[in-house]
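To start, the structure itself, in structure tokens.
Note that the coordinates shown come from a computational prediction; the quantities given were computed from them, not determined experimentally. Quick note: numbers below take in every heavy atom, side chains included, and nothing from hydrogens, waters or symmetry partners.
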Amino acid sequence: MLKKHEYPRLGEQCFTGTLENGLRLTVVPKLGFKKSMAFLAVRYGGVDRIYRQDGDLIETPAGAAHFLEHKVFEMDGGEDALSVLSQRGANANAFTAPDMTAFHFDCTDGFEDNLRLLLSFLSSPRFTEESVEREKPIILQEIRMMEDDPDDLMYYGLMNVLYSRSFLRESVAGTAESVAGITAGVLRRCHRDFYVPANMSLVVVGDQEPERIAQLAASLTPALSPRRPETVSPGPEKPLPAVMRTERAMDVGAPMFLAGVRTREGLVGRDSVRFELTASLALSSLLGAASPLYRRLYDEGLINETFGYDFENVAGFSHLSFGGETRDPGLVCLRVLEEASALAARGVDPDYFARRKRSVYGGAVRALNSFESICYNTAAGNFAGYDYFDVPSILDGVTAEDVRGFLAEYLTAEKCAISVINRKER
Amino acid sequence: MDKVAQIDIMRGVRLTAVRAGRFKTGFLSMTLLAPHTRKTASLNAVLPYVLRRGTARMPDSESIAAALDGMYGARIEPSIRKKGEVTMPGFWADFPDDAFLPEKTHILSGVTALMGELLLSPATKGGRLRGDFVESERQNLLDDIAAEINDKRSYASLKLVESMFRGESYGLSKLGTASDAARITVATLTRHYKELLATAPMEVFYCGAAEPESVAALVRQALSPLPRAPELVIPRTLNVTAVPSGPVKRVTERMDVTQGRLVMGFRLGKAMEDPDIAALNVFNAAFGGSVTGKLFANVRERLGLCYYAGSVIDRHKGALFVSAGIDFDRAGEVEAEILRQLDDLAAGRIDSRELEGARRAVISSVYSALDDPGGLESLYLDRAVTDESLRPEDLAAAAAGVSAEAIAGIAGSAVLSAVFFLTAEDEDA
């Protein structure tokens, strides 16, 4: 029932299919590895706070998806299926992102039994009102730990100036207040509405038999699946950031900043991959470690090896960001924007562009070493309608002109907001 | 199983080559081994970063970056590591395997040559390392030392180690101190560089699809200019079995934090006299090294005393560290509970499920490391530093047979030596 795809250029193949209940399945055989990994992703995350189901408009507290991630694998007696997996020697974990919740494990022994356990917990949650209350202090500690992390605070600082409404502004874990309002009833409802096979993707990477995995998955997941509820947006974003700069002081060694620009909305399918690759090439040409600008800023002592960039396509929005430690965030930001406008005016040198492209290609090949990366990107591709293994062929089609257009459109002062963590005087 | 070859390249330079065709990338590292001392820590920490800035042939980072781009984004990165009291400046590289590239290239030879060049043929001025490179990398090192405070969990661990091992070089951060870093000059660094090259043993590690003999030939050629002094300096870690006398050292630091961090340091004493590496690993997994261990199961899950609680062992130094994120007013309670869990292990109170979970955690982590080139390198480097002959596969097999008595013996030999507590600045803490 699975379809085989071959990627001879990458030395990879994969088997994909959708089960009758709507669960999307991808198996990537990796011969010669002792380790196998299973990754179960639910298209439900921190931003899915308001949704429509059966005509009702349902509003849930910030942090509900993350809280559910903590409780969904609870077994009778308070033990957790993920810790049972660990007990068996597997390396098991879970995370909640703005638009995805994922449960995964890798192991070198007993893979099928472990997969059975993982899948058998999806249909009926067993948490209770008491066990939900017991979890609250643990989640509060997790929130506090993030509040001590300068990178987290800087990131959410940027999200709060870049976005005026989107739930990307909030930490996926929620706040002390919002978590206090989460009950077993809320979690049960979210589970019933979102943890349905048609809203999930299972990815298996390792030396496994694809059809066997498909049979297992079909026998362990519910036969029927309702449709995923429709998430309701808190409202459109303003074209430009409402606030250009946010700052706070912490116990850090050196000041640091993260600057960002919102880019295109509603990206799906191969277009989203093409846009993401264009963004990567543009940012790497402009300010990557091999760029003339990086070298000048580094030589002047304005940046150090913490300087870097990122591009995220998440929950219907996309944005770029760059930053690191510096004594003068405003100046570094200004120099980046000046260089972007110069590069957009003169265009990217063809030889330089070809080298950047080769480097991005090498990076894509390298990422195929990581089971985690294959799993995450394949699941994200399943949800967004593209094939992760097509990335190299899509890269072939990105041109220097695309990169120039990207720089001209997005790297401008009125679109660029900045989040700064200053050093607290002690 | 992978074919592993160890080949002597020249005096004090050994290549470990793991032939494995399952990876998409090759991995290569060249690592110098030197004693970790107050005088040289900052020099060793800054050196690979200065060397990475330019070579005689490629005098700036842009031209090096261009060469790496041409090799499909191969990465060659400087690194500084510390295992026990051995410090390890060097470089590591990963690069796409030739089989998966659109055009036929031979990236391994390019990467090996470039790494040798970075190590042996730096950009110089008047016979010395370049002043501007030294100056800016010294500043970056100072920034890195200052940034140790950013991650509160690792900062608390660093401070614990510093107070617990005061007077021993182990207590010194791998980056050295800010005051030593500030004193680095072109002259001291150039002198140190020459001495280090001549006297330090070097471990070269490769993992990938190439034949070990052909890798050895490339490495031999790349390192042919390496000077070798008549006597090499073989670094050793001291006081591995020592147990301090006197009271537990206690340090509390106040900072603007929302969560307290408690770190406890133990010496393993007589368990290190004839150390059983497999038993040490299984003990640590049973105590706090895995989520099936006692600390996670009891201190976090059952009692809800902390957000995280975990332990690590430094077998090179014979030390055990426990780290926990806690409420400010619960330090005493958490500390007592952690000691109680250790006492339980020492008294043999471990059920068959806990024991089996710990064994499996160790076996699984060893096997998983075999599927990761960086993990493999670290395992083989551990062997080089401790001069042991246990292969990773042997370690996994031995872990399966570790007994509750062996774990009790290790737990019983652990002696609490220091406690560090990071807490809030307010008076209500």
Side-chain angles (χ1 to χ4, degrees), chain A residues 9-11 30-35 80 82-83 86-92 106-109 134 137-138 141-142 144-145 147-151 250-254 288-292 294-295 298-299 301 304-306 325 355-356 358-363 365-369 371 424 426, chain B residues 20-25 60-62 65-66 68-74 94-97 99-102 132 136 139-140 143-152 255-259 290-292 297 300-301 304 306-308 325 327 353 356-357 360-361 363-365 367-368 370-371 373:
Chain A
R9 189 170 157 189
L10 295 171
K30 283 275 194 181
L31 305 183
F33 282 83
K34 262 195 125 64
K35 177 172 82 173
D80 182 292
L82 291 184
S83 62
S86 304
Q87 192 74 43
R88 298 176 179 174
N91 191 6
D106 61 79
C107 61
T108 54
D109 191 30
R134 259 205 321 276
I138 291 179
Q141 285 289 354
E142 190 174 341
R144 272 186 219 145
M145 202 160 69
E147 284 168 1
D148 283 347
D149 185 329
D151 290 316
M250 289 182 81
D251 278 314
V252 292
S291 68
Y294 184 97
R295 187 197 145 198
Y298 194 103
D299 286 352
N304 59 25
E305 89 270 3
T306 61
E325 292 175 4
R355 282 200 278 114
R356 306 275 8 103
R358 217 182 267 190
S359 170
V360 170
Y361 180 83
V365 171
R366 181 188 294 131
L368 297 174
N369 255 356
F371 286 24
K424 188 172 176 173
R426 304 186 78 208
Chain B
R22 63 187 175 283
F23 300 114
K24 288 280 174 289
T25 55
D60 57 57
S61 47
E62 224 178 309
L68 291 170
D69 273 356
M71 294 191 273
Y72 284 88
D94 70 352
F95 41 91
D97 192 281
F100 308 110
L101 297 177
D132 51 345
S136 80
Q139 188 53 48
N140 286 338
D143 289 348
D144 284 350
I145 293 171
E148 286 176 341
I149 198 174
N150 293 10
D151 178 342
K152 308 304 181 228
M255 205 184 273
D256 180 14
V257 288
T258 53
Q259 188 183 70
S290 85
V291 292
T292 67
R300 182 188 135 136
E301 293 292 289
C306 56
Y307 176 64
Y308 66 84
D327 286 339
R353 194 160 171 261
E356 195 47 35
R360 288 188 178 189
I363 295 166
S364 169
S365 78
Y367 281 139
S368 297
L370 296 182
D371 279 346

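At a 4.5 Å heavy-atom cutoff, the contact between Val291(B) and chain A is made by side-chain atoms alone. Contact annotation for Ser83(A): only backbone heavy atoms (N, CA, C, O) come within less than 4.5 Å of a heavy atom of chain B. Residue Gln139(B) does not touch chain A at all, counting heavy-atom pairs closer than 4.5 Å. Contact annotation for Ala66(B): both backbone and side-chain heavy atoms come within less than 4.5 Å of a heavy atom of chain A. Of the atoms belonging to Asp151(A), not a single heavy atom falls under 4.5 Å from chain B. Neither the backbone nor the side chain of Asp97(B) has a heavy atom closer than 4.5 Å to any heavy atom of chain A. When heavy atoms are compared at a cutoff of 4.5 Å, Thr25(B) approaches chain A by way of both its backbone and its side chain. Of the two parts of Asp109(A), neither the backbone nor the side chain holds a non-hydrogen atom closer than 4.5 Å to a non-hydrogen atom of chain B.
No other option in Asp144(B), Ile363(B), Asp132(B), Asp151(B) has as many heavy-atom pairs under 4.5 Å with chain A as Asp144(B). The candidate with the highest count of non-hydrogen atom pairs below 4.5 Å against chain A, out of Glu356(B), Glu148(B), Arg353(B), Lys152(B), is Arg353(B). Most heavy-atom pairs under 4.5 Å with chain B: of the set Pro292(A), Ala254(A), Ala90(A), Gly288(A), this distinction falls to Pro292(A). Between chain A and the options Ala20(B), Cys306(B), Ser61(B), Gly70(B), heavy-atom pairs under 4.5 Å are most frequent for Gly70(B). Among the candidates Gln87(A), Glu147(A), Met250(A), the residue making the largest number of heavy-atom pairs closer than 4.5 Å to chain B is Gln87(A). Most heavy-atom pairs under 4.5 Å with chain B, from the set Met145(A), Glu305(A), Arg9(A), Arg356(A): that is Met145(A).
A heavy-atom distance below 4.5 Å is not found between the side chains of Ser368(B) and Asn91(A). Counting heavy atoms from C-beta outward, Arg358(A) and Leu101(B) have side chains that stay 4.5 Å or more apart. Contact check for Tyr72(B) versus Val365(A): no side-chain heavy atoms found under the 4.5 Å cut-off. Between Arg360(B) and Arg88(A), some side-chain heavy-atom pair lies under the 4.5 Å cut-off.
The distance from atom CD of Gln259(B) to atom CD of Gln141(A), rounded to the nearest 0.5 Å, is 4.5 Å. Atom OG of Ser364(B) is separated from atom NZ of Lys34(A) by 11.0 Å, given to the nearest 0.5 angstrom. Between the CD atom in Glu325(A) and the CG atom in Asp143(B) there is a gap of 6.0 Å [rounded to 0.5 Å]. Taking CZ from Phe23(B) and CG from Asn369(A), the interatomic distance works out to 6.5 Å, rounded to the nearest 0.5 Å. For the atom pair CG of Asp371(B) and NZ of Lys35(A), the computed distance is 6.0 Å after rounding to the nearest 0.5 Å.
For Phe371(A), the ring-ring contact (aromatic ring centres under 6.0 Å, His included) test picks out Phe33(A), with sequence neighbours left out. Remark: Asp106(A) engages no residue in a salt bridge (charged side-chain N to carboxylate O under 4.0 Å, His left out) (not counting sequence neighbours).
Looking at every heavy atom in both residues, Gly362(A) comes nearest to Pro96(B) through CA-CG, 3.8 Å. In terms of heavy-atom proximity, Phe100(B) sits nearest to Gly11(A) at CE2-CA, 3.7 Å.
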Residues Arg22(B), Leu31(A); criterion side-chain contact (heavy atoms from CB on, under 4.5 Å); working and verdict: CA-CA 7 Å; Arg22(B) 63 187 175 283; Leu31(A) 305 183; over 6 Å; no
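Distance alone, capped at 3.5 Å, places no donor-acceptor pair between the Asn140(B) side chain and the Asn304(A) backbone. Distance alone, capped at 3.5 Å, places no donor-acceptor pair between the Asp148(A) side chain and the Val257(B) backbone. Side-chain atoms of Asp69(B) never come within 3.5 Å of backbone atoms of Ser359(A) as a donor-acceptor pair (strictly under, hydrogens ignored). Side-chain N or O atoms of Arg366(A) include one that pairs as donor or acceptor with a backbone N or O of Gly73(B) at under 3.5 Å. Asn150(B) places a side-chain N or O within donor-acceptor distance of the main-chain N or O of Gly253(A), the cut-off being under 3.5 Å. Using a distance-only test at 3.5 Å, with no hydrogens or angles considered, no donor-acceptor pair links the side chain of Asp251(A) to the main chain of Met255(B).
Taking 4.0 Å as the cut-off between side-chain N and carboxylate O, Asp327(B) and Arg144(A) count as a salt-bridged pair.
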